[in-house]
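Below you'll find the structure, written out as structure tokens, and then a few comments.
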Amino acid sequence: MRTSLNEIREAEDYLMKKLPPEDSLLFEARLILNPLLYEKVEWQKKTYTIITLNARNEIKKEAARAFEKVFNNPEERGFKQKILNIFYKGR
Amino acid sequence: MGKSLNLKHERQREALFVELYKAVFPLTARYVKRQGGTLDEAKDVFQDALVIYYEKKVSNEEAVSNDKAYVFGTSKLLWIKKYREGIRDESSANSWQKLGEQDVPVVSVAHEKIAAFLATTGQKCMNLLKAFYYDKLNLEEIASSFGYSGIRSATVQKYKCMEKIRETVKEKSLHYEDFVE
């Protein structure tokens with residue numbers, strides 16, 4: 001792998017606490033001495049947050065589709081009726 | 001429930017979600033209605049509860065001993081946090097954090113905007129990164145799902161995607177002042 005990708009791997013191992021303690025300390029020293037590396041690691045940290053957020057949005061959309069699938073399925077009419085009764089019966 | 005399903009794959013996940021809607025959603029709906037909530041609020045918290053449930057299951061299959069009770073309990077707590085305690089304008093992720101999920105990062109509006117941007121423009125890489133970091137597929141499964149020749153090729157691609165998306169996150173963040181702490 002090229003150097004920049006190895007650096008990403010190393011930063012990932014550091015952020016995910018997969019480095020042995022002595023390597024982790026060494027990496028922290030490099031972060032102090034190398035502002036450019038520090039900046040890259042900070043952006044990488046934010047990228048993991050964005051990946052998680054994006055993935056959650058995807059799973060939530062899947063969950064919404066699953067609801068529509070049950071709610072609009074003619075074979076599951078009982079489910080739809082039950083839900084509508086809970087919210088709208090007696091209005 | 002769900003023991004024989006591999007939740008890491010969308011079709012099987014959908015089958016389980018459908019099963020959980022049928023078994024548990026009426027209970028959540030009744031609870032939300034009794035508390036003065038609406039059908040849309042019940043749907044919202046139930047969807048969030050399914051996301052939390054999914055994350056628990058992929059992290060550790062044994063973490064949830066009773067799937068139905070877990071989803072019902074989580075949706076109840078989420079409704080209290082999100083709606084009764086008057087934090088309706090907050091994103092789901094921040095409500096989850098208040099629920100005590102330790103590993104939920106604080107999410108800003110800028111994060112939401114960048115995630116929405118990447119969902120449309122960086123989809124291929126985002127799918128691969130999601131598969132590895134969120135769905136917890138191993139590199140062998142990723143190579144097979146995404147058509148790479150092997151683990152090594154999938155590994156290199158994963159880091160290339162990380163490099164690309166990291167650059168986009170940095171570039172886009174310049175448009176959103178509040179993203180830089």
Side-chain angles (χ1 to χ4, degrees), chain A residues 1-13 15-17 36-37 39-73 75-91, chain B residues 10 13-18 20-22 25-26 29-30 32-33 38-39 42-44 46-51 54-55 91-93 96 103-107 111-112 114-116 118-119 126-127 129-135 152 155-156 159-160 162-163 165-170 173 179 181:
Chain A
M1 271 196 310
R2 58 183 149 90
T3 314
S4 66
L5 299 186
N6 274 321
E7 199 176 74
I8 287 175
R9 180 182 51 77
E10 214 176 350
E12 175 163 306
D13 288 347
L15 291 170
M16 297 191 173
K17 300 183 184 352
L36 193 62
L37 177 65
E39 196 197 328
K40 284 180 184 171
V41 172
E42 284 300 303
W43 286 118
Q44 194 163 327
K45 216 191 292 181
K46 288 180 197 302
T47 304
Y48 294 122
T49 302
I50 301 282
I51 292 166
T52 301
L53 182 60
N54 182 283
R56 283 183 177 148
N57 290 340
E58 289 302 312
I59 298 290
K60 191 165 176 176
K61 278 186 213 160
E62 280 181 26
R65 284 197 295 272
F67 175 81
E68 294 304 323
K69 199 171 177 177
V70 187
F71 198 70
N72 297 318
N73 182 355
E75 288 172 22
E76 303 287 351
R77 221 170 297 151
F79 174 82
K80 184 174 186 171
Q81 204 50 55
K82 198 187 285 178
I83 301 305
L84 293 178
N85 281 346
I86 291 169
F87 286 98
Y88 305 111
K89 200 178 174 184
R91 273 191 167 186
Chain B
E10 188 177 343
R13 205 157 49 228
E14 184 190 81
L16 178 62
F17 285 175
V18 162
L20 285 166
Y21 267 113
K22 288 199 278 190
F25 186 70
R30 240 175 244 121
V32 169
K33 170 68 180 170
T38 66
L39 174 56
K43 282 159 69 177
D44 181 49
F46 198 81
Q47 286 160 14
D48 284 345
L50 288 179
V51 175
Y54 172 68
E55 288 184 9
S91 75
S92 298
W96 300 344
D103 55 350
V104 178
V106 175
V107 173
H111 281 90
E112 300 265 12
I114 294 170
L118 286 168
M126 287 304 276
N127 286 344
L129 295 172
K130 172 182 178 281
F132 184 79
Y133 295 108
Y134 189 78
D135 298 323
R152 188 177 156 68
T155 306
V156 172
Y159 289 125
K160 277 185 181 171
M162 173 52 77
E163 191 175 44
I165 298 296
R166 186 181 68 179
E167 199 48 41
T168 309
V169 167
K170 184 182 169 182
S173 72
F179 189 59
E181 287 125 348

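Just so it is clear: chains get the letters A, B, ... in the order the sequence lines come, proteins before strands, and each one is counted from 1. Note that this is a predicted model, so its numbers are computed, not measured.
The shortest side-chain heavy-atom distance between A:W43 and B:E167 does not fall under the 4.5 Å cut-off. With a 4.5 Å cut-off on side-chain heavy atoms, B:Y159 and A:S4 do not count as touching. B:M162 has its side chain out of reach of A:R9: every pair of non-hydrogen atoms, C-beta onward, lies at least 4.5 Å apart. Counting heavy atoms from C-beta outward, B:L50 and A:I59 have side chains that stay 4.5 Å or more apart. A:T52 has its side chain out of reach of B:K130: every pair of non-hydrogen atoms, C-beta onward, lies at least 4.5 Å apart. Within the 4.5 Å cutoff, side-chain heavy atoms of A:K60 are placed close to those of B:D44. The closest side-chain heavy-atom distance from A:K46 to B:K170 is not below 4.5 Å.
Here the CZ atom belonging to B:R166 is positioned 7.0 Å from the OG1 atom belonging to A:T47, to the nearest 0.5 angstrom. Rounded to the nearest 0.5 angstrom, A:I50 CD1 and B:L129 CG are separated by 12.0 Å. Considering CZ of B:R30 and CD1 of A:I83, their distance stands at 7.5 Å, rounded to 0.5 Å. Remark: B:F17 CZ to A:K69 NZ distance equals 13.0 Å, nearest 0.5 Å. Residue B:K160 holds its NZ atom at 7.0 Å from CG of A:L5, rounded to the nearest 0.5 Å.
Salt bridge status for A:E76 with B:K22: present, with a side-chain N to carboxylate O gap under 4.0 Å. The pair A:R2-B:E163 meets the salt-bridge criterion, with a side-chain N (NZ, NE, NH1 or NH2) lying under 4.0 Å from an Asp/Glu carboxylate O. Ion pair A:R65/B:E14 not flagged as a salt bridge, since none of the NZ, NE, NH1 or NH2 atoms sits closer than 4.0 Å to an Asp/Glu carboxylate oxygen.
Between B:A115 and A:L53, the shortest heavy-atom contact is CB-CD2, 3.9 Å.
Ranked by heavy-atom pairs under 4.5 Å with chain A, the list B:L39, B:T155, B:V18 is led by B:L39. When the candidates B:T38, B:V32, B:L118 are compared by the number of heavy-atom contacts under 4.5 Å with chain A, B:T38 comes out ahead. Interface remark: of the candidates A:M16, A:K82, A:K40, A:K40 forms the most heavy-atom pairs closer than 4.5 Å to chain B.
Both the backbone and the side chain of A:F67 come within less than 4.5 Å of a heavy atom in chain B. Heavy atoms closer than 4.5 Å to chain A are found nowhere in B:A131, neither backbone nor side chain. In this structure, chain B has heavy atoms under 4.5 Å from both the backbone and the side chain of A:I51.
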Quick one: do A:E62 and B:Q47 satisfy side chain to side chain contact (heavy atoms under 4.5 Å, CB included)? Show the steps, please.
CA-CA 9 Å; A:E62 280 181 26; B:Q47 286 160 14; over 6 Å; no
Take A:E68 and B:K43 through the test side chain to side chain contact (heavy atoms under 4.5 Å, CB included) and record every step on the way to the result.
CA-CA 10 Å; A:E68 294 304 323; B:K43 282 159 69 177; 3.9 Å; yes
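Formation of a donor-acceptor pair under 3.5 Å by the B:Y21 side chain with backbone atoms of A:A63 is found in this model.
For the residue pair A:E12 / B:Y133, a side-chain donor-acceptor distance below 3.5 Å is found, with atom types taken as modelled.
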